[in-house]
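All chains are named by letter (A, B, ...) in the order of the sequence lines, taking the proteins before the strands, and each is independently numbered beginning at 1. All of these numbers come straight from a predicted model, not from anything done at the bench.
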Protein chains: 2
Amino acid sequence: MTKLTLERVAELAGVSRSTASRAINGQDGVRPEIRRRVLDVVEITGFVPHAAARSLAGQRSNILGLAIRQTTEQVFSDPFFAGLVQGISGACNAQDQTLSLFLLQSADGEDRLPVRMLRTKLVDGLIVTATFTDDPLVWQLSESGIPFVMVGEAGQPDLSSVEADNDGGAALAARHLLELGRRHMATVTGPLRNSAAARRLLGFERALAAEGVPLDPRLVAEADFTEEGAYAATVQLLDGAPDAIFAASDRMGVGVMRAVKDAGLHVPDDVAVIGFDDLSPALETEPQLTTVRQEVAQLGTVAVDLLLERVRTPEVPPRRVELPTTLVVRGSTVPTAQREVLVR
Amino acid sequence: MTKLTLERVAELAGVSRSTASRAINGQDGVRPEIRRRVLDVVEITGFVPHAAARSLAGQRSNILGLAIRQTTEQVFSDPFFAGLVQGISGACNAQDQTLSLFLLQSADGEDRLPVRMLRTKLVDGLIVTATFTDDPLVWQLSESGIPFVMVGEAGQPDLSSVEADNDGGAALAARHLLELGRRHMATVTGPLRNSAAARRLLGFERALAAEGVPLDPRLVAEADFTEEGAYAATVQLLDGAPDAIFAASDRMGVGVMRAVKDAGLHVPDDVAVIGFDDLSPALETEPQLTTVRQEVAQLGTVAVDLLLERVRTPEVPPRRVELPTTLVVRGSTVPTAQREVLVR
DNA sequence: ACGCATGCTGGGAGCGGTCCCAAGAGAGAT
DNA sequence: ATCTCTCTTGGGACCGCTCCCAGCATGCGT
């Protein structure tokens, strides 16, 4: 049996290679009747164009890379990445792109891996996430002139990026707590070299200050976005007797609540707890976690759009997208009964 | 500036394309001196061969796919996958292969995705995991004649696969509990359509039966490899007043312990708990979880080896590798003090 | 000194597509 | 009826690399 190539399909459809190619790729300038005939042959034979040939000739691989700058362990335990990958992979499917995942753990040698990768033209562009401030990877990438976008991280102004409105979200949390009459606010931040973590702290601080309730620096503890880290941080914070704690992620919110409870305190009566993300952990606590919702999956789809924009029209300047956040009130700040009253 | 191609490198080194290619790919039949010269040019120019061209000409892409048949959410919350990906990705790097990850969630349309994928020759082969018994994906793959290996799942005998000695491991757990004098054994299994889960149950049952302590069917509860699922299952099991519970994964072990404690019982005095995997969750409980260790990362490296074997020498028949398991005793079965005595 | 292995090296032919350009067929205009 | 112009279509030239094969210069044996 002859190998199934475009040439062969064209032959079977009684047209030329060029015409077959046009028909298959949905380009116009093909008589409908002929297009039909070609597509029928494709259908029957189950022809699928050879990726390498296509990418060699077409100067485009239609593969997008997702580079996550984190330990494998971290990546595979943080629901944020689950949502992000979900969104990205959905968008890739919808746009006929293949997604390839790269986990960049080490800070050294492997660093050059992604750049090498891109030089091979294996991927058309890269979505980069979980980098930290001044990550060498970022400037290596921008220097190499490869199309890429950053997710959840501001980066330099001349780069494409998507992120949630972290400041605004944190401010929502702050105002919510103020409205509840809390005055002794504490916060467990993510690693501050991570820009999202930093902005959440900043937004929280500012919003409080704006209302004349400045955040006591002793009531700020830095953690690492893990439940355990947040637990430890909270244990410390509790010495300062806060009446509300803002955790920079839901996962940390879980740790915070556990620590509060273990200290014999009640949520939300003694200490109101609020998280960030609105991912699955927020629903697994008792009471459920009030949180600032960010559309994680959408972060992913927007990232894909931005990247394709960069790949397809490099001349269009990069742009930055900020997605809105919303407050989701649950039992960790407002007891159920009371909430119903509020709703009314 | 001229584009950096093999041709150009050859020209700079003053040799032919062929020679440059041989030098770069480490093939022999190149005078050492010439090879040096070529490699120097490569070094200086930073030449990286074009992936598509290479794969088109060489009939091999050097990309391996990892297909995980699970919800994104599940994948990104199960430490088992973290370890597996770690192992696979390490092995890929070591063998100069690129890893591409495919999450296959839906059971329908997207099912054909991997097959389509492979038809494009984008990946040379696939590592498949987390499939279930009679998963259509498996026969689709074997029918399509694409090289692939299965991880942690027996599959048909004529397929390459790696998995831990699940039966043996479960038997280790059983015997350990027996030695501790427990007689009222219970177990929380994984989803039984998953072959690993099924074998762990089987191994546990058989080992107990062999010692004349048959497993009471009412003390078997099926869960879904999640902590929550195991918690719920355990709540039920506790009605039967077991004095030991074998959880088919560490993550489930955590749920089991939580349920036991919430029921006001003590671990290990009232109920001994034992897990499977020896992954991070086992260390996060108090007391730490005794568990059956399987070398998850090694599962990954072996998978890559097997797959490359299939890809490179299709004529060699597929083979099945079973990795040994070991028992790791911790506080959830034997209190620290007592353990020290044992060690002595 | 001559023939013949042996070892390197260079050239050419693809791999399977995409894209550009020229040629052919109709349709509309004059 | 002739000439354009537009719409399709086919052919050829690559894309950048690998692989095969022929050509050449050595080295050796005799």
Over how many whole Å does the gap from [X] atom [atom1] to [N] atom [atom2] extend?
X       : N      : atom1 : atom2 : value
A/Arg54 : C/dT18 : CZ    : P     : 5 Å
A/Leu4  : C/dG16 : CG    : C1'   : 11 Å
A/Arg60 : C/dG17 : CZ    : P     : 19 Å

Open item on the list: Surrounding CG of A/Asp158 (heavy atoms of other residues, nucleotides or ligands, distance under 6.0 Å), is the total greater than 12?
Closed with: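 Counting neighbours around CG of A/Asp158, more than 12 heavy atoms of other residues, nucleotides or ligands fall under 6.0 Å, so yes.
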- [ ] Provide the closest heavy-atom pair for A/Thr301 versus A/Ala91 in the form atom of the first, atom of the second, distance.
- [x]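 Heavy atoms only, the tightest pair is CA-CB, 3.8 Å.
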Task: Residues which pass salt bridge (Lys or Arg N to Asp or Glu O under 4.0 Å) with A/Arg31, listed by chain and number, not counting sequence neighbours - done: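 A/Arg31 satisfies salt bridge (Lys or Arg N to Asp or Glu O under 4.0 Å) with A/Glu33 once adjacent residues are dropped.
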Open item on the list: Please list, in numerical order, the residues of residues 24-47 of chain A that have a heavy atom closer than 4.0 Å to any atom of DNA chain C.
Closed with: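 Of all residues in residues 24-47 of chain A, the ones placing a heavy atom under 4.0 Å from DNA chain C are A/Asn25, A/Gln27, A/Phe47.
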Open item on the list: By the side chain to side chain donor-acceptor pair (under 3.5 Å) test, which pairs, at least two apart or in different chains, include something from residues 55-64 of chain A?
Closed with: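 Every side chain to side chain donor-acceptor pair (under 3.5 Å) pair that includes a residue of residues 55-64 of chain A, provided the two are not neighbours, is A/Ser61-A/Asp124.
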Open item on the list: If only side-chain N and O atoms count, and only distance matters, is there a donor-acceptor pair under 3.5 Å linking B/Arg69 with B/Asn194?
Closed with: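 B/Arg69 and B/Asn194 do not have a side-chain donor-acceptor pair below 3.5 Å.
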TODO: Could you pull out all residues at least two apart from A/Phe81 that satisfy ring pair (Phe, Tyr, Trp, His ring centres under 6.0 Å)?
DONE: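 Testing A/Phe81 for ring pair (Phe, Tyr, Trp, His ring centres under 6.0 Å), a comparison that skips the adjacent residues, returns none.
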Within [range] or reaching into it, pairs that qualify as salt bridge (Lys or Arg N to Asp or Glu O under 4.0 Å) - sequence neighbours excluded:
range                       : answer
residues 301-315 of chain B : B/Glu309-B/Arg319
residues 36-50 of chain A   : A/Arg36-A/Asp40
residues 71-81 of chain A   : A/Asp78-A/Arg251
residues 8-23 of chain A    : A/Glu7-A/Arg17, A/Arg8-A/Glu11

Open item on the list: Would the distance check show the side chain of A/Asp135 and the main-chain N or O of A/Thr131 forming a donor-acceptor pair, the cut-off being under 3.5 Å?
Closed with: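 No, the answer is negative, given that no donor and acceptor are paired below the 3.5 Å cut-off.
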Task: Residue mapping more 5' on DNA chain C - nearest nucleotide basis, B/Arg22 or A/Arg22 - done: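 Looking at the nearest nucleotide for each, B/Arg22 comes out on the 5' side.
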Using atom names, set out every protein N or O paired with an N or O of nucleotides 24-27 of chain C below 3.5 Å, distance rounded to 0.1 Å.
none

Task: From B/Leu6 atom CG to B/Ser16 atom OG, the distance as rounded to the nearest 0.5 Å - done: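 If I round to the nearest 0.5 Å, the distance is 9.0 Å.
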Task: Nucleotide range of DNA chain D lying under 4.0 Å from chain A heavy atoms - done: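 In short, chain A contacts DNA chain D from D/dT8 to D/dG16.
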Open item on the list: At a heavy-atom distance below 4.0 Å, what parts of residues 14-21 of chain B sit against DNA chain D?
Closed with: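 DNA chain D contact set from residues 14-21 of chain B: B/Arg17, B/Ser18, B/Ser21.
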Task: Listed once per pair and sorted, the ring-ring contact (aromatic ring centres under 6.0 Å, His included) pairs that draw on residues 36-63 of chain A, sequence neighbours left out - done: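 Of all non-adjacent pairs touching residues 36-63 of chain A, none passes ring-ring contact (aromatic ring centres under 6.0 Å, His included).
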